Amino acid sequence: MTTLTDLQTWIDHRLPELIDEHDVPAAAVAVCIGDDVIDAATGLLSLGTGVEATTDSVFQIGSITKVWTATLVMQLVDEGLVDLDEHVQHYVPDFRVADSEAAASMTVRQLLSHTAGFEGDIFDDTGPGDDALAKLIARLDDVPQLFPPGEMFSYNNAGYCLLGRLVEEVRERPFDECLRTHLIRPLGLTHAATGPAEAILFRAAVGHVRPDPETDQQPAPFWAMAHSNAPAGSMLSMRARDLVAFARMHMRSGQASDGTSVLGADAVALMQKEHVRLPDLRVLGAAWGLGWELFDGPGPALIGHDGNTVGQAAFLRVVPELGVAVALLTNGGNPYGIYRDLFGHVLTELAEIELPPLPVPAADPPAVEAAPYLGTYANRVADISVSLDEDGRIWSKITPKGAAVELGEEPERTELVGFGDDVLIPTEPTNGLHIPHAFLGDDGTGRKAYLHIGRAVPRVPEVPTT
């Protein structure tokens, strides 16, 4: 049986090779079995400064922050201050979206499980102050409702910002202060920062990006995304060991390593319980709990979350039954490649869990009747046009807009081929992944109402010609 000592030896040898193979400037890893933890780090925190990564370096954890936000909400549930099935407006009276009836019916549970149904990629920068969240929520009043609350899963960043605002309203304190008071300090975390002013006190990683696909990566032009999106994952940074400490609390029925009760055992279990199934995407979990992503497969239950910010990517996988957790923090290059190689080995050795293969187009893909899928699907960050060429090939053209353009996204065009029932897959990867395109619903004319790529993107109605 593999021990942590064996694993430490393997990681110390393999991690420098992996960052070279996948062109990742720096990576930090932590692994635990029960209360025993190992960690490692290698590479450069910034190619611009040449500062080397250590195990005490802090990286942004991106959307893994959502599990922290969900934990803050569940603490309020424990205290009897929040009811999961109460309407959100009960706690945040100023919350509105374009569909007033949907806004009034939305529940806290639906926000936590990404089933609230309003468009979620709202990245407005409302300033660095403690009022950033309140200002962002005030701007949601014209955001469209994509589907009735509770109908399906659609990943929702703004929904988690709204949950962060709920925490502020109930606690009567800024979100960052709630993170520090109710999670960071009770967990005894020594290297965690809620924003750049704290991160600068540590050896902080800088994200790396490529100005275009043909150039070398370079330090990102800014360190973090907008403060208004902090509860969704724009700010929180820490070392890998401290991220694993958070996971250990969720495996110890809500207790920190010193026995401090951080969250009730019932709340911990409820967060890990399936609340909604996902379409057949295979690049996300098969289902979602309250904050946690849930993965199908043989062997013990596997939960986790990933995160991406400006040139940084983070991965967390947890096997509660065995007390095993693995965290990987990176700052550029091909993070998914290093994740597959590292987690594939660690989870197999410690939990006999094999990562499922990533989706790829078949050498001889099945024939597809394209008509139900053709058309344009749109949200605030992109227009996605699905078309048929003269040779009968299906193409997807993604045109970024709004915040996506500001973050440097470029237009993409790729061929789509058959993959499954009402699922197509690109022949070319994006950031190393072939992301399946699931087509859902019916717009009343026999065509699909949504293109689902983790977010449900609604079809744009065609204007009749006269």
Side-chain angles (χ1 to χ4, degrees), residues 11-30 38-65 123 125 128 176 180 184 189-227 229-230 233-244 306-316 327-339 341-342 406-410 431-432:
I11 291 174
D12 287 343
H13 170 74
R14 191 74 178 105
L15 192 60
E17 297 177 342
L18 288 174
I19 68 167
D20 285 342
E21 291 172 18
H22 298 291
D23 198 22
V24 173
V29 181
I38 61 171
D39 58 6
T42 191
L44 300 179
L45 297 176
S46 170
L47 296 178
T49 64
V51 175
E52 294 183 353
T54 69
T55 54
D56 282 340
S57 299
V58 300
F59 293 70
Q60 292 181 40
I61 66 168
S63 285
I64 299 174
T65 303
F123 302 116
D125 188 344
D176 292 353
R180 292 189 291 268
I184 292 174
L189 308 186
T190 60
H191 290 67
T194 60
E198 294 175 7
I200 198 66
L201 300 175
F202 305 108
R203 296 171 75 95
V206 174
H208 292 77
V209 297
R210 299 181 191 278
D212 61 68
E214 305 303 320
T215 61
D216 293 335
Q217 59 184 324
Q218 60 189 41
F222 51 94
W223 184 76
M225 297 169 68
H227 186 211
N229 269 254
S234 67
M235 288 283 169
L236 189 57
S237 60
M238 64 193 63
R239 60 181 181 172
R241 175 178 287 266
D242 285 341
L243 182 53
V244 161
D306 299 341
N308 289 276
T309 60
V310 185
Q312 300 196 47
F315 305 84
L316 177 64
L328 168 66
L329 309 176
T330 67
N331 66 339
N334 174 18
Y336 296 99
I338 193 171
Y339 154 73
D341 290 344
L342 182 77
E406 296 174 7
L407 291 172
E409 297 288 336
E410 297 287 340
N431 297 325

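Since the model is a prediction, treat every value here as computed from it, not as a measurement.
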### Query
Has the side chain of W223 got a donor or acceptor atom that lies under 3.5 Å from a matching backbone atom of M235?
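Not confirmed, W223 side chain does not pair with M235 backbone.
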### Query
Hey, does F123 have a side-chain heavy atom less than 4.5 Å from the side chain of M225?
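A side-chain contact under 4.5 Å exists here.
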### Task
Could you check T49 against V206 for side chain to side chain contact (heavy atoms under 4.5 Å, CB included), going step by step and ending with a plain yes or no?
CA-CA 10 Å; T49 64; V206 174; over 6 Å; no
### Message
To check you understand the geometry: which heavy-atom pair defines the closest contact between A27 and L328, and what is its length?
### Response
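Closest pair (atom of A27, atom of L328, distance): CB-CD1, 4.1 Å.
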### Message
Can you tell me how the ring of F315 sits relative to the ring of Y336, calling it parallel under 30°, perpendicular over 60° and tilted otherwise?
### Response
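Rings of F315 and Y336: perpendicular, over 60°.
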### Query
Around atom CD of E52, are there more than 12 heavy atoms of other residues, nucleotides or ligands at under 6.0 Å?
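Open: at most 12 neighbouring heavy atoms sit under 6.0 Å from CD of E52.
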### Partner set under side chain to side chain donor-acceptor pair (under 3.5 Å) for D23, not counting sequence neighbours
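Here the qualifying residues are R210, Q217.
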### Inter-residue atom distance H227.NE2 - D176.CG, 0.5 Å rounding
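The CG atom of D176 is 4.0 Å from NE2 of H227, to the nearest 0.5 Å.
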### Task
Please check if the side chain of H208 supplies one atom and the backbone of G332 the other of a donor-acceptor pair under 3.5 Å.
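Here the side-chain-to-backbone pair does not exist.
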### Query
Heavy-atom distance under 4.5 Å between the side chains of S46 and V51, does that happen here?
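S46 does not reach V51 side chain to side chain.
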### Message
Rounded to the nearest 0.5 Å, what separates atom CG in L316 from atom CD1 in I61?
### Response
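Result: 8.5 Å between the selected atoms.
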### Query
What's the shortest heavy-atom distance between F59 and A26, and which atoms?
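In terms of heavy atoms, the two residues are closest at CE2-O, 4.1 Å.
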### Query
Distance-only, no hydrogens or angles: does the S234 side chain make a donor-acceptor pair with backbone N or O of A226 under 3.5 Å?
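Yes.
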### Task
List the atom of A199, the atom of V58, and the distance in Å for their closest heavy-atom pair.
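Smallest interatomic distance, heavy atoms only, reads O-CG2, 4.4 Å.
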### Task
For D242 and H191, indicate whether the former's side chain and the latter's backbone hold a donor-acceptor pair under 3.5 Å.
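Judged by distance alone, yes, a pair lies under 3.5 Å.
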### Residue pair Q218 / P211, side-chain heavy-atom distance below 4.5 Å
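Counting from C-beta outward, Q218 and P211 do come under 4.5 Å.
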### Query
Below 4.5 Å, heavy atoms only, C-beta onward: do T330 and I338 meet side chain to side chain?
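Yes. Closest side-chain heavy atoms under 4.5 Å.
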### Validation row: R203, D56 side chains within 4.5 angstrom (heavy atoms)
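Result no, sub-4.5 Å side-chain heavy-atom pair not found.
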### Query
Which value, rounded to the nearest 0.5 Å, describes the distance between T55 atom OG1 and D39 atom CG?
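Those atoms lie 4.5 Å apart.
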### Message
Do E198 and R180 make a side-chain contact, defined as non-hydrogen atoms from C-beta onward lying under 4.5 Å apart?
### Response
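SC-SC contact between E198 and R180 confirmed.
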### Query
Would you call Q312 and L329 a side-chain contact if the rule is heavy atoms closer than 4.5 Å?
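No, side chains not in contact.
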### Task
Could you point out which residue of L243, L236, D306 forms a side-chain contact (heavy atoms from CB on, under 4.5 Å) with I64?
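Of the listed options, the one satisfying the test is L243.
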### Message
Contact between H22 and D341 at the side-chain level, heavy atoms closer than 4.5 Å - yes or no?
### Response
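In contact.
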### Stepwise side-chain hydrogen bond (donor to acceptor under 3.5 Å, both in side chains) test for T309 and Q60
CA-CA 7 Å; T309 60; Q60 292 181 40; 3.0 Å; yes
### Shortest non-hydrogen separation from G333 to P25 and the atoms involved
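Between these two residues, the closest heavy atoms are N-CD, 4.1 Å.
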### Pair R239-T190, side-chain hydrogen bond (donor to acceptor under 3.5 Å, both in side chains): steps then yes or no
CA-CA 9 Å; R239 60 181 181 172; T190 60; 3.1 Å; yes
